[in-house]
Amino acid sequence: MNANHQLVHGAIASLLALGLGAASTGAFAQKVATEKCAGIVKAGSNDCGTSKSSCAGTSTADRDTEAWIYVAKGTCARIAGGTVTNKPENVHGGAAAAKKG
C-alpha cells in the first residue's frame, strides 16, 4: 500500500472513531433536573441576575446571599450556606428585567 492510501485510510479511521465517540457520549447523556442555589457563589461566578447585578459573572462578593448558580436538584440544601431560590429577579437582566415582565 502506498503512502497516499495509508493517509486516506488513517483519515477515514479517525473520522469514524470521532463519530462513534460523539454518538456514544450523546446516547448516555441525560438531562439533569437543576435548581437555583444562592449563597454559595464565588464573586464573578454567578449564573444570572439578582436585584443587585444584571447577569452572569457580575456578582461582586463571595457567598452573596442573592447570587446563585444552577446545581443538581436536591444538592443545594446539602451545601453549607446554600438556599434554593426562585425570586423573580433571578433572570437574565436581573431586577430591571423582572420589572418589565
Handout entry: Partner residues of Thr65 under the side-chain hydrogen bond (donor to acceptor under 3.5 Å, both in side chains) criterion, sequence neighbours left out
Key = none
Practice task
Using the ring-ring contact (aromatic ring centres under 6.0 Å, His included) rule, collect all pairs that involve residues 37-62, keeping only residues at least two apart or in two chains.
Solution key: none
Check: residues 74-86 side-chain donor-acceptor pairs under 3.5 Å, at least two apart:
| unit_1 | atom_1 | unit_2 | atom_2 | d |
| --- | --- | --- | --- | --- |
| Thr75 | OG1 | Ala72 | O | 2.8 |
| Thr85 | OG1 | Asn90 | ND2 | 3.0 |

Completion exercise
Residue set satisfying side-chain hydrogen bond (donor to acceptor under 3.5 Å, both in side chains) with Glu35, at least two apart, ordered chain then number -> none
Exercise for the section: Output all residues satisfying salt bridge (charged side-chain N to carboxylate O under 4.0 Å, His left out) with Asp64, sequence neighbours left out; order by chain, then residue number. Expected result: Lys52
Practice task
Kindly state each residue pair satisfying ring-ring contact (aromatic ring centres under 6.0 Å, His included) with at least one member in residues 30-65, sequence neighbours excluded.
Solution key: none
Problem - Distance (rounded to the nearest 0.5 Å) between Thr34 OG1 and Lys73 NZ - result: 8.0 Å
Exercise for the section: Scan residues 37-47 for pairs that pass side-chain hydrogen bond (donor to acceptor under 3.5 Å, both in side chains), counting only residues two or more places apart or in two chains. Expected result: Asn46-Ser59
Exercise for the section: Give the other cluster members for Trp68, using side-chain heavy-atom distances under 4.5 Å between Ile, Leu, Val, Met, Phe, Trp and Tyr residues; answer none if it is isolated. Expected result: Tyr70
